[in-house]
Novice: 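Take this structure, written in structure tokens, and hold onto it; I'll ask about it next.
Please read all numbers here as calculations on a predicted model, not as lab measurements.
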Amino acid sequence: MANAINLWQLGGPPAPPAEVQLQRKDGSLVWVFSSHLMLRNSLDQTELYCVDIDLTTQKKFDNELQASERRYRSLVEHLGDAIFITDANNQLSFLNPAWETISGYTISDSLGSPLKRFMPDLGQNPLHQRLEELRDGALESLRVECQLLTSSGQARRVELQLNQSQPDQSIHGSLHDVHERHLSQQLQKARNAVLDKLLGVHP
């Protein structure tokens, strides 16, 4: 800072405004936003004016926000469920690593694509109509089961939890793989059908 001011006094470029750290009288450090102005007084003498704005409170909030974001990101990245966000054009704008595990698609290949590319059921009625109601605000949230087409071509049963986010008209939600549960339910239905048939024949 001293070198920048000396250069400025010699005709160089003005010292740019910036965040700098100052030392208080008690030795503690404080962040400020510092800006400078060079003027000439009535005696044609150069005077340097400096304005420092204390950023202590702002820095505290920023540090707390960054710590909160790190905890949130760590939680999202280690969840077993896929977390996603779609923008106002229904295109995926965020995905956590669980998406790759469940779908087989890479995050980079999936971002920018509509959700119905991977779940065609969402483009067909009645699910399409319910999604429109969610986006229009007629529904606060939506929980549905549909098929996810994985990168290997397998159709897996998944459960979607969708919520609208105001005011950007985005949709955020989670995707839970329920394929094994679905298979178990189908197997149990088949067993029940066989038992019902046997019970109908034998007393």
Side-chain angles (χ1 to χ4, degrees), residues 62 64-202:
D62 287 345
E64 291 176 351
L65 179 60
Q66 290 176 11
S68 177
E69 288 177 346
R70 286 194 297 269
R71 290 193 298 270
Y72 175 77
R73 181 168 295 278
S74 177
L75 174 63
V76 169
E77 290 181 350
H78 290 87
L79 281 176
D81 291 353
I83 305 297
F84 61 87
I85 299 175
T86 65
D87 58 22
N89 297 318
N90 294 321
Q91 295 179 331
L92 290 167
S93 58
F94 172 82
L95 290 163
N96 72 333
W99 169 260
E100 296 185 344
T101 303
I102 297 174
S103 72
Y105 290 97
T106 64
I107 292 177
S108 59
D109 181 53
S110 305
L111 291 177
S113 298
L115 199 57
K116 65 181 181 181
R117 168 193 167 189
F118 311 98
M119 285 162 274
D121 295 347
L122 298 180
Q124 303 172 5
N125 285 326
L127 282 184
H128 176 71
Q129 181 63 32
R130 298 185 69 187
L131 276 177
E132 290 300 315
E133 292 175 357
L134 177 66
R135 190 169 291 281
D136 294 339
L139 295 175
E140 293 184 359
S141 63
L142 180 62
R143 183 186 294 270
V144 296
E145 280 195 17
C146 61
Q147 285 188 332
L148 168 70
L149 301 181
T150 66
S151 60
S152 62
Q154 181 188 15
R156 296 190 67 84
R157 200 73 178 173
V158 296
E159 182 180 73
L160 291 179
Q161 173 67 44
L162 305 171
N163 298 276
Q164 187 191 43
S165 177
Q166 296 287 355
D168 57 0
Q169 299 297 311
S170 65
I171 289 180
H172 60 272
S174 62
L175 182 153
H176 181 61
D177 189 346
V178 295
H179 192 68
E180 298 303 325
R181 186 185 73 187
H182 178 72
L183 291 180
S184 297
Q185 291 173 344
Q186 295 302 310
L187 179 59
Q188 189 60 46
K189 287 182 180 179
R191 288 173 176 168
N192 291 342
V194 172
L195 289 174
D196 289 342
K197 186 174 182 180
L198 289 175
L199 291 173
V201 175
H202 302 283

Novice: Hey, does V158 have a side-chain heavy atom less than 4.5 Å from the side chain of M119?
Specialist: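 They are in contact (side-chain heavy atoms under 4.5 Å apart), so the answer is yes.
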
Novice: What distance separates E159 CD from L148 CG, expressed to the nearest 0.5 Å?
Specialist: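 The CG atom of L148 is 13.5 Å from CD of E159, to the nearest 0.5 Å.
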
Novice: Once you round to the nearest 0.5 Å, how far does CD of E140 lie from CD of Q164?
Specialist: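 Here the interatomic distance stands at 10.0 Å.
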
Novice: Drop me the distance from L92's CG to I107's CD1, to the nearest 0.5 angstrom.
Specialist: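 Nearest 0.5 Å value for the CG-CD1 distance: 10.5 Å.
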
Novice: Please give me the minimum heavy-atom distance between I102 and G80, naming the atom from each residue.
Specialist: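 Closest heavy-atom pair between I102 and G80: CD1-O, 3.8 Å.
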
Novice: Do side-chain atoms of D87 reach the backbone of S93 as a donor and acceptor pair under 3.5 angstrom?
Specialist: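 Side chain of D87 to backbone of S93: no pair is present.
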
Novice: State, yes or no, whether a side-chain contact exists between L160 and L142 at a heavy-atom distance under 4.5 Å.
Specialist: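 Side-chain contact under 4.5 Å: no.
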
Novice: How long is the straight-line distance from CG of L65 back to CZ of R70, given to the nearest 0.5 Å?
Specialist: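 One gets 9.5 Å once the value is rounded to the nearest 0.5 Å.
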
Novice: Looking at Q161 and S141, what are the two nearest heavy atoms and their distance?
Specialist: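 Answer, listing the atom of Q161 first, then S141: NE2-CB, 3.7 Å.
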
Novice: Are the side chains of F118 and S110 in contact, using a 4.5 Å heavy-atom criterion?
Specialist: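 Heavy-atom side-chain distance check passes, below 4.5 Å.
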
Novice: Looking at NE2 of H128 and NZ of K116, how far apart are the two atoms once the value is rounded to the nearest 0.5 Å?
Specialist: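 With rounding to 0.5 Å, NE2 (H128) is 6.5 Å from NZ (K116).
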
Novice: Can you tell me if D136 uses its side chain to pair, donor with acceptor, with the backbone of A138 under 3.5 Å?
Specialist: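 Judged by distance alone, no pair lies under 3.5 Å.
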
Novice: How far does CG of L139 sit from CG of N163, to the nearest 0.5 angstrom?
Specialist: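 That separation rounds to 11.0 Å.
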
Novice: Sequence neighbours left out, what passes side chain to side chain contact (heavy atoms under 4.5 Å, CB included) with S151? Give chain and number order.
Specialist: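 Y105.
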
Novice: Using the side chain to side chain contact (heavy atoms under 4.5 Å, CB included) rule, take R130 and L162 through it: C-alpha gap first, then chi angles, then the decisive distance, then the call.
Specialist: CA-CA 11 Å; R130 298 185 69 187; L162 305 171; over 6 Å; no

Novice: Under the 3.5 angstrom rule, does the side chain of Q147 hit a backbone N or O of D121 as a donor-acceptor pair?
Specialist: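 Pair absent, no side-chain N/O of Q147 close to backbone of D121.
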
Novice: So, for W99 and L175, which heavy atoms are closest and what is the spacing to 0.1 Å?
Specialist: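 Heavy atoms of W99 and L175 come nearest at CZ3-CD1, 3.9 Å.
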
Novice: In chain order, what residues pass the side chain to side chain donor-acceptor pair (under 3.5 Å) check against S152, with sequence neighbours excluded?
Specialist: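 Expected list: T150.
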
Novice: Looking at I171, is its backbone amide N or carbonyl O close enough to the side chain of N90 to form a donor-acceptor pair, meaning the two atoms are under 3.5 Å apart?
Specialist: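 Not a single qualifying donor-acceptor pair exists.
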
Novice: Would you please name every residue forming a ring pair (Phe, Tyr, Trp, His ring centres under 6.0 Å) with F84, sequence neighbours left out?
Specialist: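 With sequence neighbours excluded, F84 shows a ring pair (Phe, Tyr, Trp, His ring centres under 6.0 Å) to no residue whatsoever.
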
Novice: Taking all atoms of both residues into account, what is the closest heavy-atom pair of N96 and I83, and its distance?
Specialist: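 That would be OD1-N, 2.7 Å.
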
